[in-house]
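Report on one structure; see the data block that follows.
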Protein chains: 2
Amino acid sequence: MLDYEKAISVAEQKCADRGIRFTRRRKQVLAVLIKADAALSAYEIAELCDADGDSKMPAMSVYRILELLQDGNLIHRLELANKYVSCSHISCSHKHKQSQFLICDSCRHVEEIDLSSEAVDALRVAASAAGFNSISSQLEIKGWCAQCQPSRN
Amino acid sequence: MLDYEKAISVAEQKCADRGIRFTRRRKQVLAVLIKADAALSAYEIAELCDADGDSKMPAMSVYRILELLQDGNLIHRLELANKYVSCSHISCSHKHKQSQFLICDSCRHVEEIDLSSEAVDALRVAASAAGFNSISSQLEIKGWCAQCQPSRN
DNA sequence: GTTGAAACGATATAGTGTATCTTTTACTCC
DNA sequence: GGAGTAAAAGATACACTATATCGTTTCAAC
């Protein structure tokens with residue numbers, strides 16, 4: 001899990017750089033995602049904000065804020081399963097054009113990994129052979145983490 | 001695109017083997033998927049059945065039939081994009097435990113490919129290093145086919 | 001304080017999918 | 001051929017994910 005305090009301060013700085021506010025709502029959403037350390041749906045995020053805070057978080061706000069956080073590279077949207085996860089590189093200077101995710105099909109824990117360039121090249125070659133000139137910079141792979149044994153395949 | 005007649009006859013045989021009927025509705029859904037040669041949503045399939053046939057195809061029936069066809073390994077469900085596609089191996093004896101798909105983000109054309117064992121191994125190794133003991137037997141990769149240039153990444 | 005843009009709230013609605021119950025179809029047994 | 005039976009299909013309701021739109025609030029600059 002990320003260093004929470006550091007991630008929040010980085011997020012504050014990034015918002016300042018973009019000339020936008022890092023409001024209570026935005027902080028709530030990011031905090032929930034960081035603390036969850038798993039992929040959450042927008043509505044799950046709203047519920048956790050409700051539980052955490054004082055006032056009700058509308059789902060619409062969550063969607064707006066998720067989009068904003070995504071534009072700031074603070075979170076990622078996982079298309080497999082329609083869920084969202086905090087970027088594991090918020091608080092490091094590491095630039096990453098590519099995003100690769102392992103998603104546990106059981107507990108939804110997400111690991112953001114760096115595939116070897118050989119592995120990525122192998123995918124590109126296979127894609128090229130099948131007539132695909134380019135592949136997405138985001139790769140999502142479902143699996144089962146060490147804590148969860150595969151129940152199905 | 002698949003040999004339509006052959007694929008249908010194989011599907012008939014597979015249903016007979018399972019002791020279930022290959023009804024008009026089931027044939028309609030499979031036929032639409034084979035002829036489309038692209039990933040379709042359940043509701044798109046229903047619409048195409050409507051256009052093709054004489055009576056209205058209810059969406060619920062489509063979902064039921066898709067599940068049944070999937071159980072018979074006649075089609076695949078693509079979780080990226082919530083769409084369905086006919087199995088490219090319907091009419092060949094080729095057994096495939098693994099399924100790997102390239103999905104064009106623009107035209108939704110799907111290629112079912114066979115990754116080299118080296119590429120798959122590289123993914124497994126990376127997953128293992130990140131604490132994932134096993135990965136899904138279905139891999140979905142978004143990209144852009146030769147006809148569609150990448151508009152975004 | 002006024003103003004204006006950003007942020008948020010609220011409602012409506014579209015798309016995807018599941019649950020449940022009823023009706024129809026088709027096969028078997030007589 | 002007709003009744004009984006189970007599979008298949010129809011129909012309705014509803015949950016979840018997501019977007020569109022419009023009104024309201026907040027906050028910083030002036």
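So you know, we letter chains A, B, ... as the sequences are listed, proteins then strands, and number each from 1. Small disclaimer: the values here were computed from a predicted structure and weren't measured.
Side-chain N/O atoms of Glu112(A) and His76(A) include a donor and acceptor closer than 3.5 Å. A donor-acceptor pair shorter than 3.5 Å cannot be found between the side chains of Arg26(B) and Ser61(B).
Using modelled atom types, one side-chain atom of Gln138(B) and one backbone atom of Arg77(B) make a donor-acceptor pair closer than 3.5 Å.
Under a 4.0 Å N-O distance rule, the pair Lys142(A)/Glu140(B) does not qualify as a salt bridge. A salt bridge is defined here as a Lys NZ or Arg NE, NH1 or NH2 lying under 4.0 Å from an Asp or Glu carboxylate O, and Glu44(A) with Arg108(A) meets this definition.
Between the CG atom of Leu123(B) and the OG atom of Ser128(B) there is a distance of 12.5 Å, given to the nearest 0.5 Å.
Qualifying side-chain hydrogen bond (donor to acceptor under 3.5 Å, both in side chains) partners for Ser117(A), counting only residues two or more places apart in sequence or in other chains: none. Shown here are the side-chain hydrogen bond (donor to acceptor under 3.5 Å, both in side chains) partners of Gln13(B), two or more places apart in sequence or in another chain: Asp17(B). Residues meeting the side-chain hydrogen bond (donor to acceptor under 3.5 Å, both in side chains) test with Gln100(A), sequence neighbours left out: none.
Taking atom CZ of residue Arg24(B) and atom C1' of nucleotide dA9(D), one finds them 10 Å apart after rounding to whole Å. We find that CD of Glu44(A) is positioned 11 Å from P of dA18(D), with the value rounded to whole Å.
Note that the first and last nucleotides of DNA chain C, 5' to 3', having any atom under 4.0 angstrom from a heavy atom of chain A are dA6(C) to dA12(C).
Within residues 55-78 of chain A, the residues approached by DNA chain C to less than 4.0 Å at the level of any non-hydrogen atom are Pro58(A), Met60(A), Ser61(A), Arg64(A), in residue-number order.
Residue Tyr84(A) is in sugar-phosphate contact alone, with no base atom involved, counting any heavy-atom pair closer than 4.0 Å across all strands shown.
A cation-pi arrangement is found for Lys35(B) relative to Tyr4(B), the charged atom lying closer than 6.0 Å to the ring centre and inside a 45° cone about the ring normal.
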Where protein sits on nucleotides 25-30 of chain D, one letter per nucleotide: B base, S sugar-phosphate only, - none, heavy atoms under 4.0 Å: --S---

